Protein chains: 2
Amino acid sequence: MLDIAEVAQRSGLAPSALRFYEKKGLLSSNGRNGLRRTYEPEVLHRLALISCARRAGFSVAEIGRFLLAMPGDTAVQQQMAVKAAALDEDIARLRRMRDSLDHASTCTHEPLVECPEFKRMLAP
Amino acid sequence: MLDIAEVAQRSGLAPSALRFYEKKGLLSSNGRNGLRRTYEPEVLHRLALISCARRAGFSVAEIGRFLLAMPGDTAVQQQMAVKAAALDEDIARLRRMRDSLDHASTCTHEPLVECPEFKRMLAP
DNA sequence: GTGCGACTTGAAGCGCGGTTCAAGTCAAGC
DNA sequence: GCTTGACTTGAACCGCGCTTCAAGTCGCAC
């Protein structure tokens with residue numbers, strides 16, 4: 001059993017963030033020792049998942065829905081498929097952006113924003 | 001010359017957003033007709049660039065710095081290179097996330113979050 | 001048993017990226 | 001010249017994702 005400070009340290013999240021996630025339903029403490037939350041070590045996996053999804057641009061609410069997903073919950077699974085497709089677009093956009101930045105970091109075009117190479121970033 | 005309503009419509013941005021960007025230094029109206037802003041058509045390119053960068057996760061402040069970049073401004077160009085490298089990581093993370101979601105959308109693993117396939121998402 | 005310090009709570013606050021609102025100004029059509 | 005209605009402004013407000021704060025509660029060492 002871990003206490004909140006330990007979970008915070010090992011997950012890299014602030015204790016306030018852990019309480020916030022709990023309030024939002026992403027997390028549950030296993031029990032209490034007096035007032036104090038106690039956590040099972042598995043919570044660290046869940047937190048890693050949450051952090052990863054946050055960095056990938058999922059909102060806290062979305063993550064909550066996914067974490068509650070039951071197998072066979074076709075509605076949520078469909079949402080996931082939709083989200084996966086959206087990620088494909090995100091990835092393509094980020095690639096164009098990266099290529100443009102790669103170029104821009106060595107470009108000497110007069111107003112940089114007018115550089116045609118740079119403008120490729122703007123494609124659909 | 002375009003007025004703000006036209007620019008808003010053609011750029012897909014709200015007039016309030018255009019004024020917001022102007023206040024933040026990302027944009028400038030070409031002049032005024034009375035009180036009213038007038039825009040050169042080129043502003044649409046700049047707005048496309050801004051929208052694209054926003055979707056790619058750049059903050060408004062970052063975009064402002066990049067738009068002000070002079071060629072040969074090595075500090076900003078270095079920032080761009082750094083950002084390009086960061087995008088590489090973002091892209092890799094998004095790809096893992098997409099693969100996991102692809103799997104999750106058809107997975108029947110009991111608690112989905114325990115599915116080992118799904119957990120690949122959590123790699124560094 | 002009495003501090004101490006780390007936890008608890010709810011509420012308020014913050015930065016971001018805008019949107020909305022109230023009050024005012026103006027160009028153009030009648 | 002007067003209305004109309006789209007613009008102008010600054011300030012207030014919003015949702016998100018937390019963080020911070022004040023006030024209270026507890027476990028543990030002494």
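Just so it is clear, the model here is predicted, and its values are computed rather than measured. A, B, ... follow the sequence lines: proteins, then strands. Residue 1 opens every chain.
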task: Would you kindly give the CG-to-P distance between A/Leu13 and D/dT19, to the nearest whole Å?
output: 8 Å

message: Please report the distance, rounded to the nearest Å, between CG in A/Asp3 and P in D/dC26.
response: 17 Å

Full working for side-chain contact (heavy atoms from CB on, under 4.5 Å) between A/Leu18 and A/Leu47: CA-CA 9 Å; A/Leu18 299 179; A/Leu47 288 171; 3.7 Å; yes

message: Tell me whether A/Ser105 contacts the main-chain N or O of A/Asp102 through its side chain, where contact means a donor paired with an acceptor under 3.5 Å.
response: yes

- request: Find the distance B/Glu62:CD to C/dG15:C1' and express it as a whole number of Å.
  value: 14 Å

- request: Measure the distance from CG on A/Leu18 to P on C/dT9 and round it to the nearest whole Å.
  value: 12 Å

- request: Would you kindly compare B/Thr38 and B/Lys23 by the position of their nearest DNA chain D nucleotide and give the one closer to the 5′ end?
  value: B/Thr38

Between the protein and nucleotides 2-4 of chain C, which nitrogen or oxygen pairs are less than 3.5 angstrom apart?
none

- request: Give the rounded distance in Å between these two atoms: CD1 of B/Ile50 and P of C/dG18.
  value: 10 Å

- request: Look at all strands and tell whether B/Arg32 reaches a base, only sugar-phosphate, or nothing, counting heavy atoms closer than 4.0 Å.
  value: sugar-phosphate

field: Which atom of B/Pro15 lies closest to which atom of B/Ile4, heavy atoms considered
entry: O-CD1, 3.9 Å

task: Measure across A/Arg32 and A/Ser29 and return the closest heavy-atom pair with its distance rounded to 0.1 Å.
output: NE-OG, 4.1 Å

message: With side-chain hydrogen bond (donor to acceptor under 3.5 Å, both in side chains) as the rule and sequence neighbours excluded, what pairs involving residues 35-47 of chain B come up?
response: B/Glu22-B/Arg37

task: In whole angstrom, give the distance that lies between atom CD of A/Glu6 and atom C1' of C/dC7.
output: 14 Å

task: Among C/dG18, D/dT19, D/dT9, find the nucleotide with the atom closest to the side chain of B/Arg37.
output: D/dT9

field: Distance-minimising heavy-atom pair for A/His109 and A/Pro116
entry: CE1-CD, 3.4 Å

Separation of atom CG in B/Leu47 from atom C1' in C/dG17, rounded to whole Å: 15 Å

message: Whole angstroms only, please: what is the CZ-C1' distance between B/Arg19 and D/dA6?
response: 10 Å

- request: State which residues pass ring-ring contact (aromatic ring centres under 6.0 Å, His included) with B/Tyr21; sequence neighbours excluded, sorted by chain then number.
  value: none

field: side-chain hydrogen bond (donor to acceptor under 3.5 Å, both in side chains) involving B/Asp90 - partner list, sequence neighbours excluded
entry: B/Arg93

task: Would you sort out whether B/Leu49 and B/Leu67 count as a side-chain contact (heavy atoms from CB on, under 4.5 Å), showing the intermediate values?
output: CA-CA 10 Å; B/Leu49 171 60; B/Leu67 286 178; 3.6 Å; yes

Polar atom pairs (N or O), protein with nucleotides 15-17 of chain D, under 3.5 Å:
unit_1, atom_1, unit_2, atom_2, d
D/dG17, OP1, A/Val60, N, 3.3

statement: Heavy-atom nearest pair, A/Leu13 first then A/Ser51, reads CD1-OG, 3.9 Å

query: For B/Glu89, does the CD atom sit with more than 12 other heavy atoms under 6.0 Å from it, leaving out its own atoms?
result: no

Sort me out a list of protein N/O and nucleotides 27-30 of chain C N/O pairs below 3.5 Å, or just none if empty.
none

